[in-house]
Every structure is written in structure tokens, then in C-alpha cells.
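Worth knowing before you read on, the calculation uses all heavy atoms, side chains too, and leaves out hydrogens, waters and symmetry mates.
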Amino acid sequence: VISKQGAQAVQQASAAVRNYLREPSISPKPPSHLPGLASDYFDLSTWVGTSFVSKLVNGVLGNLSSPHSLQQIMRDLLGPDANVSLDTGNLTRNVSVGHVGNISVTLNALSFSDLASDSRLSFDVRGPQNLSLGLGLSHFVADVSLRLF
């Protein structure tokens, strides 16, 4: 008797849910899709902050004749040879090389030397939504370009 009444209750509840779902929604319409890519973003080339960063990086930090250049800062922080060593504490990483096998790489220490010998820093605005930052330390060079979409 209980299982028959339980089955009837489930059928009635299921029918009530189906009837409710058939009714039109009373919610407002969903928001429309966002517009496509815009070209009217903030113009970084006319922003005063971009000019300030450019003068700071290119005129001071990246200027080798400046007493506050990146090269001089490296010498002040790291000594005349601008050397730094880091104990990494045996960092180990296993790298899979497909069907060949695995390679185990262990890093015990990092050492950088002569960092101030040829350090360079640059900042440039390459367009309304495009910035560029360059960094060179000895034989390491990085050039990062940021673009707003």
C-alpha cells in the first residue's frame, strides 16, 4: 500500500513539474550579447602616466650615464662585480620525453655574475593600445609587448 501511494505521489509531482516547465517564463529577457572587439579603448599613447613611466625608465633607469641607472643600482645592491648566488635546496623535476623515457632534473644552486656589465632597460609606446618593455642583463634579454584587445 505504501509503495503504491509513494509511486502515485512521485507521478503527481512529476506531472506538476512538467506542467510548470511548459508555462512561459515570467523572467525578463536575458541580456543581449556583448559587442565585438572595440577600437575605442583608452589611448595609452596620450595618457600622462605613460609619459611619466617612459621618462623614468628611458631617462633614468635605462640611461647608463644616470647615477640611478639600473646598472648602478645593480652595482650598489650586489657589489662592484654584481654577482648573486642562490641556494635552491635541491629542486627536482621529472620531465617526460615521450616514448623515450623520463629525465630527472635537479637544481642545487643558481649563480648570476657580472649582471651590471651590460644592463639595459627600455619602455616604449607602440600605439594607442600597445606598450613595450625591454630588459637586458648581461647575456639575458627580454622584450615584452603588451597589447589591449
(message) Distance check, rounded to the nearest 0.5 Å: Trp47 atom CH2 versus Phe52 atom CZ?
(response) 10.0 Å

(message) What's the separation between atom CD in Gln71 and atom CG in Leu121, rounded to the nearest 0.5 Å?
(response) 12.0 Å

(message) To the nearest 0.5 Å, what is the distance between CG on Asn19 and CG on Leu21?
(response) 9.0 Å

(message) To check you understand the geometry: which heavy-atom pair defines the closest contact between Gln72 and Pro67, and what is its length?
(response) CG-O, 3.3 Å

For residues 9-18, please give each side-chain donor-acceptor pair under 3.5 Å, one per line with the distance, not counting sequence neighbours.
{"unit_1": "Ser14", "atom_1": "OG", "unit_2": "Arg18", "atom_2": "NH1", "d": "2.6"}

(message) Measuring only between side-chain heavy atoms, which start at C-beta, is Leu70 closer than 4.5 Å to Leu135?
(response) yes

(request) Verify the cluster assignment for Leu78 and Leu64: are they in a single hydrophobic cluster under the rule of side-chain heavy atoms below 4.5 Å apart? (result) no

(request) Quick one: pull up CG in Asp76 and NE2 in His68 and give me the separation to the nearest 0.5 Å. (result) 9.5 Å

(message) Count I, L, V, M, F, W, Y as connected when their side-chain heavy atoms are under 4.5 Å apart, and connections chain through other members. Are Met74 and Leu56 then in the same cluster?
(response) yes

(request) Kindly indicate whether the side chain of Thr50, heavy atoms from C-beta on, has any atom under 4.5 Å from the side chain of Ser45. (result) no

(message) Quick one, Ser66 and Val60 - any side-chain contact, counting heavy atoms below 4.5 Å?
(response) yes

(message) For the OG atom of Ser122 and the CG atom of Asn58, what is their distance to the nearest 0.5 Å?
(response) 6.5 Å

(request) Indicate yes or no: at least one non-hydrogen side-chain atom of Asp124 is less than 4.5 angstrom from one of Leu131. (result) no

(request) Measure across Asn63 and Ser65 and return the closest heavy-atom pair with its distance rounded to 0.1 Å. (result) OD1-OG, 2.8 Å

